[in-house]
K.L.:
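So that we are looking at the same thing, I have put the structure below in structure tokens.
Any value given below was found using the heavy atoms of this structure, including those in side chains, with hydrogens, waters and symmetry copies removed.
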Amino acid sequence: MSPQSDPAGKVTIPALQAMKTRGEKSVCIVAWDYQMARIADRVGVDIVSVGDTVGVNLWGQPHPLEITFDEVLVVAKAARRGVRRALLSCDFPFGPLQQGAASAVDAAIRLVKEAGVDLVKLDGAADFPDAVEAVTRAGIPVFAQFGITPQTALKYGIEYSAASVAQVPDGMLDELVAEAKQLESAGAVALNFTNSGPVVGPAVVDAVSIPVLGGFGGGPWLDGRIRMATAAIGYNAANVDKEIDTYANVARIAFEALTDCAADIRGGRQIRGGIKVPQS
């Protein structure tokens, strides 16, 4: 029975790899707090990922490189409390990987020991195969991210703000397939191929035996998809006045609910969910 069809069973890395073999899609949801991680885990997703873009998408920071390791660690601890069945992945923020293999191992050990993560996601891993090998030798599974990523967008001449609509050039197919194979050889247990596109994406999926997932710029051609919970449910203040193509518009629901709450308070009425007041 696959992890998707057994919500009670703990997901394992071999189970993810078996899903690829059977042609079953893996589901990875990005969550940044206990409540959303708990909801995603109850849905039965395969991976809950703590993304380093929490600073941009939840805290209003202008760029993902601003977030620190200690901030990511706090978020990972919160998500861990909500995740019981899925694998818990956590991104390295910019810094530990770029500082070398020893730094990467130290950071990975902290995420495992202090936050209890099951695997670590390394953005820009193709440039640091030695670090992937070192973290793997330390006994920590690596989810290797490559392609046009938040931490590598500038290398492709793309501003981070435009990365979500970018796509790796088809002419880079051979180079990116080689990167994927190198990451698999270095010990990565899964790949996050960002902005894969419908040409290069399938080529990478076919070139490696490990699962290849992707967020923006991906599609059904991959072994699975990664989606931020906030994006899936439309939890973004800018969505209050928009018609959006997501599974819900939680921003509008929240706006309407808080408007009604404020009206009850101003009108001297008991708020919904408050202590019941006996009627005189």
Side-chain angles (χ1 to χ4, degrees), residues 12-21 26 28 46-47 49-52 87 89-105 107-109 111-112 117-153 155-156 163 166-197 199-219 221-226:
T12 65
I13 290 169
L16 284 184
Q17 295 172 331
M19 289 174 69
K20 176 184 174 88
T21 301
S26 299
C28 176
D46 304 300
I47 303 172
S49 177
V50 175
D52 63 344
L87 291 166
S89 172
C90 185
D91 288 11
F92 274 19
F94 186 79
L97 181 62
Q98 289 74 17
Q99 291 167 354
S103 172
V105 171
I109 289 173
L111 286 173
V112 170
V117 306
D118 299 304
L119 61 168
V120 295
K121 185 144 72 66
L122 309 185
D123 187 340
D127 294 328
F128 302 95
D130 58 329
V132 175
E133 290 181 1
V135 174
T136 299
R137 282 198 303 273
I140 300 171
V142 173
F143 191 3
Q145 185 173 8
F146 73 117
I148 303 173
T149 76
Q151 294 184 21
T152 65
K155 183 177 76 172
Y156 290 89
Q167 181 177 306
V168 294
D170 294 348
M172 292 184 65
L173 188 152
D174 291 342
E175 176 182 343
L176 289 163
V177 164
E179 287 185 0
K181 289 181 175 179
Q182 182 183 39
L183 289 168
E184 181 179 27
S185 296
V189 299
L191 301 179
N192 176 7
F193 188 6
T194 315
N195 297 100
S196 63
V199 174
V200 183
V204 167
V205 168
D206 291 342
V208 296
S209 61
I210 57 178
V212 182
L213 289 75
F216 48 63
W221 50 83
L222 299 174
D223 294 315
R225 299 302 307 280
I226 303 169

K.L.:
Find the distance between CD1 (Ile13) and CG (Asp46) and round it off to the nearest 0.5 Å.
P.N.:
12.5 Å
K.L.:
Run the side-chain contact (heavy atoms from CB on, under 4.5 Å) test on Val205 and Leu222 for me, step by step, so that the C-alpha distance in whole Å, both residues' side-chain angles and the decisive distance to 0.1 Å come before the verdict.
P.N.:
CA-CA 6 Å; Val205 168; Leu222 299 174; 3.9 Å; yes
K.L.:
When you measure from the side chain of Asp118 to the backbone N and O of Leu87, does any donor-acceptor pair fall under 3.5 Å?
P.N.:
no
K.L.:
Under a 3.5 Å distance rule, please check whether Arg225 uses its side chain to pair with a backbone N or O of Gly215 as donor and acceptor.
P.N.:
yes
K.L.:
What's the shortest heavy-atom distance between Thr136 and Ala188, and which atoms?
P.N.:
OG1-N, 4.5 Å
K.L.:
Any side-chain heavy-atom pair from Pro211 and Met19 closer than 4.5 angstrom?
P.N.:
no
K.L.:
Could you give the distance from OG (Ser26) to CG (Leu213), rounded to the nearest 0.5 Å?
P.N.:
5.5 Å
K.L.:
Rounded to the nearest 0.5 Å, what separates atom CG in Asp223 from atom CD in Gln17?
P.N.:
11.0 Å
K.L.:
Say you draw a straight line from CG of Leu16 to CD1 of Ile210; how long is it, rounded to the nearest 0.5 Å?
P.N.:
11.0 Å
K.L.:
Counting distance only, does the side-chain N/O of Trp221 pair as donor-acceptor with the main-chain N or O of Val199 below 3.5 Å?
P.N.:
no
K.L.:
Can you name the closest pair of heavy atoms from Phe216 and Ile148 and give their distance?
P.N.:
CE1-O, 4.3 Å
K.L.:
Tell me the closest heavy-atom pair linking Gly139 and Pro141, and the distance in Å.
P.N.:
O-CD, 3.7 Å
K.L.:
Closest approach of Val132 and Ala125, non-hydrogen atoms and distance?
P.N.:
CG2-CB, 4.0 Å
K.L.:
Got a donor-acceptor contact below 3.5 angstrom from the Lys121 side chain to the Phe143 backbone?
P.N.:
no
K.L.:
Supply the atom-to-atom distance Asn195 CG to Leu176 CG, rounded to the nearest 0.5 angstrom.
P.N.:
11.0 Å
K.L.:
Are any non-hydrogen side-chain atoms of Val204 and Phe146 less than 4.5 angstrom apart?
P.N.:
yes
K.L.:
Between Val200 and Phe193, is there a side-chain heavy-atom distance shorter than 4.5 Å?
P.N.:
yes
K.L.:
Calculate, to the nearest 0.5 Å, the distance between atoms CZ and CD belonging to Phe92 and Gln98 respectively.
P.N.:
10.0 Å
K.L.:
For the residue pair Ser196 and Val168, what are the closest heavy atoms and their distance?
P.N.:
O-CG2, 3.2 Å
K.L.:
Among all residues two or more places apart in sequence or in another chain, which pass the salt bridge (Lys or Arg N to Asp or Glu O under 4.0 Å) test with Asp127?
P.N.:
Lys155
K.L.:
Where is the tightest heavy-atom contact between Pro96 and Pro93, given as atom of each residue plus distance?
P.N.:
CD-O, 3.2 Å
